[in-house]
Amino acid sequence: MAGLCEGRVAIVTGGGRGIGREYCLMLAEEGAKVVVNDLGGARDGVGADLGPADEVVNEIKAMGGEAVANGADVSDWDQAKGMIDQAVQAFGKLDVLINNAGILRDRMLVNMTEAEWDAVIKVHLKGTFAPAHHAAAYWRDRNKATGELVGGRIINTSSVSGIYGNIGQTNYGAAKMGIAGFTIIAARELRRYGVTVNAIAPGALTRLTEDLGGPITEERKRSGDPKWVAPIAVWLASEESAEVTGRMFEASGGTLAIAEGWHRGPTAEPVQDPNLLGPIVAEMMSKARKNAGMNGQDLD
Ligand code: NAP
């Protein structure tokens with residue numbers, strides 16, 4: 001039986017470890033040819049070594065699949081372009097870009113350094129924008145040359161830390177919320193070429209999260225297996241998902257959900273005198289839904 005992604009060509013950034021590695025393996029199981037990108041640095045993004053990407057490539061080849069390694073820093077403009085070019089050179093085309101690479105530099109706002117802020121914003125936000133830009137330009141050219149919808153897919157990575165908000169992660173949360181907005185806008189822009197853009201807010205026990213959230217119990221290992229996250233990414237990568245775009249999926253061993261975006265809540269007639277606003281805001285506040293907590297539910 002043909003796989004869900006048979007013959008499709010996919011890039012997975014940060015594909016050497018954690019959730020990205022699982023994406024690569026499941027995409028290959030479903031028939032995709034995979035460019036496994038990984039910088040090969042430490043948890044905070046320092047250093048570089050192609051080892052983790054090569055290991056995943058070897059695993060895919062051992063199961064009879066096709067894959068190549070790529071060591072680009074996804075937040076570097078030219079290296080991101082080189083990664084898109086490598087997919088086309090190696091496999092003749094590009095169908096899917098999964099922007100998954102990420103780092104953490106958690107710190108309370110009052111203690112956070114400029115370097116910690118800049119590093120996280122660069123890897124997540126520019127590391128989403130740069131590959132997406134080069135892939136989108138490639139798909140636009142293909143659409144113009146053939147006159148056909150290209151069936152491209154961009155799958156970005158957000159986080160409940162951004163869309164709902166987690167203490168100690170103003171840098172990471174700002175980047176992940178930025179990726180949520182980026183996803184909605186890019187989806188609207190690229191629809192005309194036949195490219196969908198969605199995001200996943202994953203939950204998994206990986207190098208990124210293993211020292212957060214208390215002891216690693218058998219239950220945490222089970223529900224934290226990235227195998228729970230990969231199916232929605234692989235489905236979004238397939239041709240079957242053509243009608244789904246601009247959406248945020250939460251995916252973990254405990255949840256598969258669509259996180260709904262900002263909506264306008266209670267409204268009032270605008271006023272020009274700020275002295276009038278006290279009771280007006282109080283009235284709107286009494287009607288407005290509370291912001292969601294980290295579990296996606298209203299705070300009480
Ligand atoms: P992980 O195991 O640390 O994997 C992250 C991968 O990103 C690593 O392979 C890393 O490569 C790669 N990477 C980092 N900076 C890069 C760069 N500049 N260029 C290319 N690759 C780079 O963490 P993970 O948990 O699987 O995280 C994957 C994504 O899910 C991240 O975007 C993360 O923010 C997001 N996320 C995870 C969770 C969770 O529960 N695990 C929750 C919410 C969101 P090297 O380390 O080898 O350099």
Side-chain angles (χ1 to χ4, degrees), residues 3-5 10-32 34-43 45 51-60 62-63 65 67 69-70 74 96-104 123-124 127-128 153-163 166 169 172 176 179 198-238 241 248-259 294-296:
L4 190 60
C5 290
I11 294 173
V12 179
T13 73
R17 302 183 212 262
I19 298 168
R21 172 178 173 275
E22 205 59 47
Y23 289 164
C24 292
L25 297 176
M26 203 174 281
L27 280 164
E29 271 169 28
E30 293 297 332
V34 187
V35 177
V36 182
N37 158 265
D38 204 281
L39 186 62
R43 181 175 182 260
D54 276 333
E55 280 172 31
V56 176
V57 167
N58 289 338
E59 280 185 79
I60 291 174
M63 63 163 104
N70 171 280
V74 291
V96 180
L97 168 67
I98 303 188
N99 286 316
N100 162 80
I103 61 169
L104 277 183
V123 172
H124 290 277
T128 295
R153 304 279 183 268
I154 296 176
I155 301 159
N156 294 324
T157 307
S158 185
S159 170
V160 293
S161 303
I163 59 175
N166 196 23
Q169 297 193 310
Y172 182 75
K176 291 307 201 185
I179 288 171
N198 292 286
I200 296 175
L205 192 57
T206 65
R207 182 181 59 163
L208 215 60
T209 51
E210 63 196 359
D211 58 356
L212 312 171
I216 298 176
T217 59
E218 283 309 308
E219 173 48 25
R220 257 191 95 196
K221 279 191 203 156
R222 188 204 64 80
S223 67
D225 190 328
K227 279 193 165 63
W228 294 108
V229 183
I232 187 67
V234 172
W235 184 81
L236 287 169
S238 76
S241 67
M248 171 75 65
F249 290 87
E250 278 183 60
S252 70
T255 315
L256 178 64
I258 291 178
M294 275 289 280
N295 63 0

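Remark: Leu4 CG to Met26 CE distance equals 10.5 Å, nearest 0.5 Å. The CG atom of Asn295 sits 9.0 Å away from the CD atom of Glu250 when rounded to the nearest 0.5 Å. Put simply, CD1 on Ile19 and NZ on Lys227 are 13.0 Å apart, with the number rounded to the nearest 0.5 Å. Expressed to the nearest 0.5 Å, how far CD1 of Ile98 lies from CD1 of Ile154 amounts to 11.5 Å. We find the CD1-OG1 distance between Ile179 and Thr128 to be 3.5 Å, quoted to the nearest 0.5 Å.
Remark: side-chain polar atoms of Thr255 are not paired, donor with acceptor, to backbone N or O of Ala257 under 3.5 angstrom. A donor-acceptor pair is defined here as one N or O able to donate and one able to accept, closer than 3.5 Å; no such pair exists between the side chain of Ser252 and the backbone of Ser223. A donor-acceptor pair is defined here as one N or O able to donate and one able to accept, closer than 3.5 Å; such a pair exists between the side chain of Arg153 and the backbone of Ser238. Panel note: side chain Asn37, backbone Gly14; a donor-acceptor pair is recorded below 3.5 Å. The backbone N or O of Ala201 sits nowhere less than 3.5 Å from a side-chain atom of Ser159 that would complete a donor-acceptor pair.
The two residues Gln169 and Ser161 come nearest to each other via the heavy atoms OE1-OG, 2.8 Å. Between Val234 and Tyr23 the shortest heavy-atom distance is CG2-O, 4.5 Å. Closest heavy-atom contact between Ala67 and Val36: CB-CG2, 4.5 Å. Considering every non-hydrogen atom in both Ile60 and Cys24, the closest pair reads CD1-O, 3.8 Å. Across all their heavy atoms, Thr13 and Ala101 have their closest contact at OG1-N, 2.9 Å. Listed here is the closest heavy atom pair of Thr206 and Gly18: CG2-CA, 3.8 Å.
When each of Lys221, Arg220, Arg222 is tested with Glu218 by the rule salt bridge (Lys or Arg N to Asp or Glu O under 4.0 Å), just one qualifies, namely Lys221.
Leu236 has its side chain within reach of Ile200: a pair of non-hydrogen atoms, C-beta onward, lies under 4.5 Å apart. Counting heavy atoms from C-beta on, the side chains of Leu256 and Trp228 never come closer than 4.5 Å. Contact of the Ile163 side chain with the Met248 side chain is registered, since non-hydrogen atoms from C-beta on lie closer than 4.5 Å. Leu208 is not listed as a side-chain neighbour of Arg17, based on a closest heavy-atom distance of 4.5 Å or more.
Contacts of Thr157 classified as side chain to side chain donor-acceptor pair (under 3.5 Å), with partners at least two apart in sequence or in another chain: none. Ala237 meets the side chain to side chain contact (heavy atoms under 4.5 Å, CB included) test with Cys5, Leu27, Val96, Ile155; sequence neighbours excluded.
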task = Might you work through the side-chain contact (heavy atoms from CB on, under 4.5 Å) test for Val74 and Asn99, ending with a clear yes or no?
result = CA-CA 9 Å; Val74 291; Asn99 286 316; 5.8 Å; no

key: Pair Asp38-Arg21, side-chain contact (heavy atoms from CB on, under 4.5 Å): steps then yes or no   = CA-CA 10 Å; Asp38 204 281; Arg21 172 178 173 275; over 6 Å; no

